[in-house]
Amino acid sequence: MRIDIVTIFPEFFDVLDISLLGKARANGLIELGVHNLRDFTHDRHHTVDDTPAGGGAGMVMKPEPWGEALDAVLENGADDPIIIFPSPAGVPFDQKMARELAHEQQIVFGCGRYEGIDQRVFDHYADRGRVRLVSLGDYVLNGGEVAVMAMIEAVGRLIPGVVGNPESLVEESHEDGLLEYPSYTKPAVWREREVPPVLRSGDHGAIARWRHEQQIERTRRVRPDLLPPEL
Ligand SMILES: COC(=O)c1ccnc(N)c1
């Protein structure tokens, strides 16, 4: 998979050189391009924003630099890339979307700042391909970079070969629609708190049943909205 990021803070993504994603890049599983939006301006101050049409507070990101940047990124890219703009006005990002995005050939992330990006950028590229505004939740950030980092991690770890043991991806929260069961390890007793005996019983059937019951109980308590109607 190729991932391109357009941002005014390219150094923000230096952290993608380490950990799991750093290894995935070294193994060629993920190809990453980080592009500074200001490189696509032509004035002395590398201006990327201007006052909002119709007035109001704050500044809006100009369409011209975005057009030049996205054209450059798309020029030699995949046949059918998906362009994602993180936005509080977007569709909710979830594990299902992460799984779908893990199969893309190329994802282009556009990190907005200020009061957002001129709407004509979204419209222009939506006329030519797939554009999605995606939200991490009902809150506002100063820019899209943090959201892009979260989405790259959520998607990147699902790309075959990135995570050493694919089994570890199966029993995670939201993978089967329920929250994951509580985890324990050694020691058997810690500060007078014992690991549930069933987990040390060696009875794999009983352990699987206990874990599923825990998933249902935790989901009912924490996220009743995720419970399937039959439960
Ligand atoms: C500037 O981007 C945001 O404020 C943002 C992006 C994605 N999800 C959100 N909830 C906010």
Side-chain angles (χ1 to χ4, degrees), residues 1-16 21 30 32-41 46-70 73-74 81-104 106-126 129-159 172-175 179 222-223 225-226:
M1 175 189 293
R2 175 158 178 96
I3 298 176
D4 288 284
I5 306 168
V6 179
T7 170
I8 60 172
F9 294 121
E11 65 278 10
F12 190 94
F13 296 97
D14 290 352
V15 72
L16 290 177
L21 290 171
I30 297 176
L32 179 70
V34 183
H35 312 271
N36 188 337
L37 183 65
R38 295 193 191 277
D39 292 346
F40 298 90
T41 60
H46 301 291
T47 308
V48 292
D49 61 334
D50 204 335
T51 51
M59 302 289 272
V60 174
M61 298 189 101
K62 295 161 56 69
E64 301 95 325
W66 277 103
E68 290 192 31
L70 290 173
V73 165
L74 295 170
I82 186 165
I83 305 176
I84 293 179
F85 295 95
S87 166
V91 294
F93 182 69
D94 60 12
Q95 193 67 11
K96 178 173 179 290
M97 189 186 296
R99 278 199 298 271
E100 290 163 356
L101 290 173
H103 297 289
E104 291 290 343
Q106 180 184 16
I107 305 176
V108 179
F109 287 105
C111 299
R113 286 248 143 198
Y114 312 116
E115 299 309 310
I117 302 171
D118 188 301
Q119 178 63 36
R120 289 169 292 179
V121 175
F122 307 137
D123 298 342
H124 175 80
Y125 289 96
R130 294 178 296 155
V131 172
R132 302 283 182 277
L133 272 63
V134 177
S135 170
L136 290 197
D138 295 334
Y139 49 83
V140 181
L141 302 168
N142 286 331
E145 285 80 7
V146 168
V148 167
M149 192 71 84
M151 287 190 268
I152 288 178
E153 173 139 339
V155 173
R157 63 196 295 278
L158 297 178
I159 294 172
E172 292 187 319
S173 281
H174 303 288
E175 269 308 318
L179 299 185
V222 177
R223 287 294 304 275
D225 58 300
L226 295 178

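These numbers come from a predicted model, not from an experiment. We use all heavy atoms of the structure for the numbers below, so side chains are in, but hydrogens, waters and symmetry mates are not. One-based numbering, in listed order, for ligands and for the atoms of each.
Phe40 pairs by the ring pair (Phe, Tyr, Trp, His ring centres under 6.0 Å) definition with nothing, not counting sequence neighbours. Evaluation of the salt bridge (charged side-chain N to carboxylate O under 4.0 Å, His left out) rule for Glu100 yields Lys96 as partners, not counting sequence neighbours. By the side-chain hydrogen bond (donor to acceptor under 3.5 Å, both in side chains) test, Gln106 pairs with Asp4, sequence neighbours left out.
Counting non-hydrogen atoms of other residues, nucleotides and ligands closer than 6.0 Å to CZ of Arg120 gives a total of 12 or fewer. Other residues, nucleotides and ligands place no more than 12 heavy atoms under 6.0 Å from the CD atom of Glu153.
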Please give the N or O to N or O pairs under 3.5 Å between ligand 1 and the protein, distances rounded to 0.1 Å.
from, atom 1, to, atom 2, distance (Å)
ligand 1, 4 (O), Leu141, N, 2.7
ligand 1, 4 (O), Leu141, O, 3.2
ligand 1, 8 (N), Leu136, N, 2.9
ligand 1, 10 (N), Ser135, OG, 3.4
ligand 1, 10 (N), Gly137, O, 2.7
ligand 1, 10 (N), Tyr139, O, 2.8

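Not a single donor-acceptor pair under 3.5 Å links the side chain of Tyr139 to the backbone N or O of Pro88.
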